[in-house]
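A quick write-up on the structure given underneath.
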There are 2 protein chains.
Amino acid sequence: MFKIDIRSSVPIYEQLTEQVKRAVIRGLLKKGDPLPSVRKMAARLEVNPNTVAKAYQELERQGVIITIRGKGTIINDMPENPADVSAVLAKIRPFITELIYAGKTRKEITEEIGNIYDEIMKQR
Amino acid sequence: MFKIDIRSSVPIYEQLTEQVKRAVIRGLLKKGDPLPSVRKMAARLEVNPNTVAKAYQELERQGVIITIRGKGTIINDMPENPADVSAVLAKIRPFITELIYAGKTRKEITEEIGNIYDEIMKQR
DNA sequence: TTTAGTGTATTATAATACATAGTACAGTTA
DNA sequence: TAACTGTACTATGTATTATAATACACTAAA
């Protein structure tokens with residue numbers, strides 16, 4: 001269900017947190033569903049358990065999962081009150097600048113973003 | 001014309017490269033316009049000359065500026081053939097995931113991107 | 001030629017982030 | 001008790017970012 005690209009420049013724990021969130025968005029994981037333990041997940045992904053632990057801690061901080069020491073980790077509800085959207089938009093801005101500089105029009109850019117949206121939501 | 005936020009987690013040289021590109025996009029800088037020398041720019045921004053040099057080298061690598069040893073640095077033509085757009089889109093994807101998770105709809109997201117576009121293009 | 005101003009290159013230091021390794025501890029469940 | 005949870009800690013290695021301090025090659029003007 002989860003795959004890590006070890007050659008990517010994106011940190012492993014970030015790859016994992018994003019994929020968990022995507023699975024929740026797609027409905028592949030629902031409230032109460034358990035995640036594999038830190039050690040099992042690490043074994044499956046062939047990464048260090050500490051790296052998985054870091055990803056789980058980040059997911060809990062964002063309210064995506066609930067962890068209970070000794071028991072395990074389960075998926076939480078999708079949040080109702082939106083997170084810090086403006087901070088996310090600020091991070092996107094430099095990339096939009098790059099696209100404009102590459103000659104992309106306003107319409108092309110918004111269409112590409114729409115395509116990304118569809119790809120994330122799509123059930124394989 | 002350029003401002004650096006020293007408290008930002010975005011590297012200084014990245015802040016500078018993006019602002020130069022934005023100035024070109026807005027038409028505030030045109031082909032042949034000179035950029036301040038590495039040392040002058042560093043003094044104005046109150047950063048180390050090496051950091052400015054790194055930004056200039058990155059801008060030259062991207063074809064934004066032309067540097068001539070002993071003479072100075074000037075703005076290049078806007079590129080006609082687009083750069084690696086797919087790589088940029090790949091970097092945007094995790095942020096779109098975050099926005100979806102925060103409850104944003106497809107329409108809301110594409111509109112927000114459009115707003116960013118307008119803000120970048122806007123002449124103050 | 002000399003001088004001052006360009007960009008460039010190198011070495012060193014410091015701080016931080018990322019990932020791994022190994023070990024230990026606290027809590028839960030069968 | 002035994003085996004499993006998550007958590008905490010130290011240590012190591014690598015990479016990135018930024019600064020500092022020089023040094024070098026080239027250009028333009030005095």
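Naming convention: chains lettered A, B, ... in sequence-line order (proteins, then strands); numbering from 1 in each chain. The basis for the numbers below is simple: all heavy atoms, side chains too, and nothing from hydrogens, waters or symmetry mates.
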What's the closest nucleotide to the side chain of [X] if the choices are [options]?
{"X": "A/Gln57", "options": "D/dT17, D/dA18, D/dT7", "value": "D/dT7"}
{"X": "B/Thr67", "options": "D/dT7, D/dT17, C/dG7", "value": "C/dG7"}
{"X": "A/Ser37", "options": "D/dT7, C/dA19, D/dT5", "value": "D/dT5"}
{"X": "A/Ile6", "options": "D/dA28, C/dA26, C/dT20", "value": "C/dT20"}
{"X": "A/Arg39", "options": "C/dT8, C/dA24, D/dT19", "value": "C/dA24"}

When you measure from the side-chain N and O atoms of [X] to the phosphate of [N], is any distance below 4.0 Å, counting only OP1 and OP2?
{"X": "A/Thr51", "N": "C/dT20", "result": "yes"}
{"X": "B/Thr73", "N": "C/dG7", "result": "yes"}
{"X": "A/Tyr13", "N": "C/dA19", "result": "no"}

In whole Å, what is the span from the [atom1] atom of [X] to the [atom2] atom of [N]?
{"X": "B/Met41", "N": "C/dT6", "atom1": "CE", "atom2": "P", "value": "12 Å"}
{"X": "B/Asn48", "N": "C/dA15", "atom1": "CG", "atom2": "P", "value": "16 Å"}
{"X": "B/Lys71", "N": "C/dT8", "atom1": "NZ", "atom2": "P", "value": "14 Å"}
{"X": "A/Arg61", "N": "D/dT7", "atom1": "CZ", "atom2": "P", "value": "14 Å"}
{"X": "A/Leu45", "N": "C/dC18", "atom1": "CG", "atom2": "P", "value": "18 Å"}
{"X": "A/Tyr56", "N": "D/dA8", "atom1": "OH", "atom2": "P", "value": "16 Å"}
{"X": "A/Asn50", "N": "D/dA11", "atom1": "CG", "atom2": "C1'", "value": "12 Å"}
{"X": "B/Lys54", "N": "D/dA15", "atom1": "NZ", "atom2": "P", "value": "14 Å"}

Stepwise side-chain contact (heavy atoms from CB on, under 4.5 Å) test for A/Leu89 and B/Leu99: CA-CA 9 Å; A/Leu89 293 175; B/Leu99 292 177; 4.1 Å; yes
Residue whose closest nucleotide on DNA chain C lies nearer the 5' end, A/Arg69 versus A/Pro49: A/Pro49
Comparing A/Ser9 and A/Gly70 on DNA chain C - which has the more 5′ nearest nucleotide: A/Ser9
Cationic tip of A/Lys91 above B/Phe95 ring, under 6.0 Å, 45° of axis: no
Closest heavy-atom pair and its distance - B/Asp33, B/Leu28: OD2-O, 4.2 Å
Touch class at under 4.0 angstrom, heavy-atom based, for A/Glu46 against every strand present: nothing
Flag for B/Thr17-B/Glu58: side-chain donor and acceptor within less than 3.5 Å: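 Short answer, no.
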Residue of the set B/Lys21, B/Gln19, B/Glu18 for which side chain to side chain donor-acceptor pair (under 3.5 Å) holds with A/Thr97: B/Glu18
